[in-house]
Amino acid sequence: MKLDAIGDWRRTHYSIDIKPELDGQEVTLFGWVQEIRDLGGIRFIILQDREGTVQITVPRKKVSAEVLSKTNKLQKRYSIGVKGIVRKTEITPRGVEVIPKEIKIFGMASPQLPLDITGKVPAKLEARLEARALDLCREENIAIFKIQHTAVEAIRDFLFERGFIEVHTPRIIASATEGGAALFPVDYFERKAFLAQSPQLYKEQLVMSLEKVFEIGPFFRAEESHTRRHLSEFVSIDIEQAFATAEDVMQLLEQLMRHVCKVVSEKCRKELALLNYELKIPEIPFKRLTYDMVLEDLKRREVEIPWGEDIPTPAFRTLGKTHPYFYFITDWPTRSKAFYIKPREDNPELCEGFDLMWSWIELASGGTRISSKELLIKRLKEKGLNPESFKYHLQAFDYGMPPHAGWAIGLERLTMMLTGKRNIREVTLYPRDKFRLTP
RNA sequence: GCCCUGGUAGUAUAGUCCGGUCUAGUAUAGGCGGCUGUCGCCCGCCCGACCCGGGUUCAAAUCCCGGCCAGGGCGCCA
């Protein structure tokens, strides 16, 4: 079939803008065929665009032969343009329909789709991810990613307003000696390089010049992790601030969380309703539990964790039952946190690192950083890392490193919290994990 | 990487325990035909599947072994 050209047609309205007040007016709509209900003498076409749907009504005897022959050819997911007249009606749920005067077909689709886009027969996540481009056309997914977009917009606004400068640090790095998470190796001309797992060291260096920075971007972890909250490629929202402590950035973080929840619940009413999810706006300040309090709390529930150990997932789940919403965990043992987290001056066994939890899931983590070169070297050695591998980073400490603090939020985990989705793959456009590299 | 559960038409499921009744059921999607107010439209007809490899057996969707993949959990995750 010969496809139509867009020509001089331009969209005048999105589907949701078609309201009874436009009765009698001519509109141009672009979108996709979601459903066709053909009753013989009358035919209903549900046109979908990213804002919603609107009904195109085709009474066989009242439209032109050209329109009739075009609608004869239509199938689900065809990309089309409709020029027609809005009609107020009592019969359709939204109170409007559009009677087409002219139809253009821009793109065709296989008759047998790999997924049921109307949601009558829900597909499993695997089948959905295999046909992700189509899956993302479903209203539920459009809602998820609009919510994510709204959250990112709110975060940027919030940070810009407070004087943070948005930066971009390298994704390709030279050294795999930062310890901890496994890195993905890449070929870099004749040398070996790695994909960055975090902007940590770079953002710390930037507080010497730009003072308050943030970065939103993807990072990579080559972990074996196979859970519903881990990805090999994820988006991190990182901030770092000069002349600040953990407490300062915790306050910033809780204010930000409240702001994001507020903006999303106001701007994404329709999307949240579609997802059937009620987003609560949290009160601040958030609860602050110390590591010791958490251990005691768990002990009372017969979960014993030796002091100094990290808290295992099942223990976090137990904790999440008592604290179902946001809370901080502070005063972690120094040895359980990264080398750059500052030990407490009054008790170096404890540190100024914190985690922001949402129920049992770690949403963000941060802390006051070490600003003394000497101490940083000591901590590197204690962690079994070679200071020589950090020479460029350590060099920064010779040029006036200010006291500083920061945190990082996992965007996908934040989106899980905002949408109520329980698998991180659902809130990632094209998820990457140990087993999935395509599409 | 380990443990548990699973893999049946495009999609989602029944059947698997206890092998033969399975020529593999149902819904939805798809094809054809009919229908002027549908909105999970309806009605009729049709098409379409046992993850891969090996084994046991007269006989395997069903039992056994290996592989791959998926879901959940664990570990790992500076």
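Below, chain A is the first sequence line, B the second, and so on; all start at residue 1. Below, each value reflects all heavy atoms present in this structure, side chains not excepted, and no hydrogens, waters or symmetry copies.
- Spacing of C1' atoms, B:rG48 relative to B:rG30, comes out at 9 Å, to the nearest Å.
- For the OP1/OP2 pair of B:rG7 and a distance below 4.0 Å, the side-chain nitrogens and oxygens of A:K124 include no atom meeting the criterion.
- In this structure, A:L113 places its CG atom 8 Å from C1' of B:rG10, rounding to the nearest Å.
- By the salt bridge (charged side-chain N to carboxylate O under 4.0 Å, His left out) test, A:K434 pairs with A:E224, sequence neighbours left out.
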(request) Give the C-alpha distance, both sets of side-chain angles, the deciding distance and a yes or no for side chain to side chain donor-acceptor pair (under 3.5 Å) between A:T290 and A:D292. (result) CA-CA 5 Å; A:T290 64; A:D292 285 358; 5.5 Å; no
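- Across all strands, A:Y340 comes closer than 4.0 Å to base atoms (heavy-atom distances).
- Here the straight-line distance linking atom OG1 of A:T419 with atom CG of A:L414 works out to 9.5 Å at 0.5 Å rounding.
- Here the separation of B:rC77 from B:rG15, taken at their C1' atoms, is 42 Å to the nearest Å.
- Only the C1' atoms considered, B:rU62 is 13 Å distant from B:rU56, to the nearest whole Å.
- Evaluation of the side chain to side chain donor-acceptor pair (under 3.5 Å) rule for A:H13 yields no partner, not counting sequence neighbours.
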(message) For Watson-Crick and G-U wobble pairs within 3.5 Å on both distances, what is RNA chain B written in dot-bracket notation, | included for inter-strand pairing?
(response) (((((((..((((......[....)))).(((((.......)))))....(((((..]....))))))))))))....
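- Between B:rC76 and A:K434, no contact under 4.0 Å exists linking OP1 or OP2 to a side-chain N or O.
- Just one of A:Q75, A:R77, A:K76 meets the side-chain contact (heavy atoms from CB on, under 4.5 Å) condition when paired with A:P111; it is A:Q75.
- With sequence neighbours left out, the side-chain contact (heavy atoms from CB on, under 4.5 Å) criterion links A:T28 to A:W9, A:T12, A:F30, A:K83.
- Atom CZ in A:F316 sits roughly 13 Å away from atom P in B:rC77 (whole-Å rounding).
- B:rG31 atom P lies 13 Å from atom CG of A:N72, rounded to whole Å.
- The distance from atom NZ of A:K421 to atom CD1 of A:I144, rounded to the nearest 0.5 Å, is 5.0 Å.
- Of the C1' atoms belonging to B:rU13 and B:rA24, the separation is 13 Å, rounded to the nearest Å.
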N/O to N/O distances under 3.5 Å, protein versus nucleotides 47-52 of chain B:
none

Atom pairs, protein N/O to nucleotides 71-73 of chain B N/O, distance under 3.5 Å:
residue, atom, partner, partner atom, Å
B:rG72, OP1, A:N423, ND2, 3.1
B:rG72, O3', A:R228, NE, 3.4
B:rG73, OP1, A:R228, NE, 2.6
B:rG73, OP1, A:R228, NH2, 2.3
B:rG73, OP1, A:R317, NH2, 3.1
B:rG73, OP2, A:R228, NE, 3.0

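- Atom CD of A:E204 is separated from atom NE2 of A:H393 by 4.5 Å, given to the nearest 0.5 angstrom.
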List, one per line, each side-chain donor-acceptor pair under 3.5 Å for residues 311-321 of chain A, sequence neighbours excluded.
residue, atom, partner, partner atom, Å
A:T313, OG1, A:R229, NH2, 3.3
A:T318, OG1, A:P314, O, 3.0

(request) Going 5' to 3' through nucleotides 33-45 of chain B, assign each nucleotide B (protein heavy atom under 4.0 Å from a base atom), S (under 4.0 Å only from sugar-phosphate atoms) or - (no protein heavy atom that close). (result) --BBBBBBB----
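- With sequence neighbours left out, the salt bridge (charged side-chain N to carboxylate O under 4.0 Å, His left out) criterion links A:E211 to no other residue.
- Atom pair A:E223:CD and B:rC76:P shows a separation of 10 Å (rounding to whole Å applied).
- Rounding to whole angstrom units, CG of residue A:D116 and P of B:rU13 are separated by 13 Å.
- With sequence neighbours excluded, the residues forming a side chain to side chain donor-acceptor pair (under 3.5 Å) with A:N423 are A:R425, listed by chain and number.
- If you take atom P in B:rA27 and the same atom in B:rC47, they sit 15 Å apart, rounded to whole Å.
- Under the side chain to side chain donor-acceptor pair (under 3.5 Å) criterion, the residue pairs touching residues 333-353 of chain A are A:D331-A:R344, A:K337-A:D355, A:K342-A:E345, A:R344-A:D346, A:E352-A:T368, with sequence neighbours excluded.
- At whole-Å resolution of the value, CZ in A:F184 and C1' in B:rC77 are 12 Å apart.
- Nucleotides B:rC46 and B:rC63 have their P atoms positioned 33 Å apart, rounded to a whole Å.
- The residues A:D135 and A:R128 are annotated as salt-bridged, a charged nitrogen and a carboxylate oxygen being separated by less than 4.0 angstrom.
- For the pair A:E130 CD and B:rC68 C1', the interatomic distance rounds to 13 Å; values are reported in whole Å.
- Around NZ of A:K381, the count of heavy atoms belonging to other residues, nucleotides or ligands within 6.0 Å does not exceed 12.
- Taking atom C1' on both B:rU21 and B:rU5, the two are 29 Å apart, rounded to the nearest angstrom.
- Listed by first and then second residue, the ring pair (Phe, Tyr, Trp, His ring centres under 6.0 Å) pairs that reach into residues 228-250 of chain A come to none, sequence neighbours excluded.
- Taking atom P in both B:rC3 and B:rG66, the straight-line distance is 11 Å, to the nearest Å.
- In this structure, CZ of A:R128 is placed 14 Å from C1' of B:rA70, rounded to the nearest angstrom.
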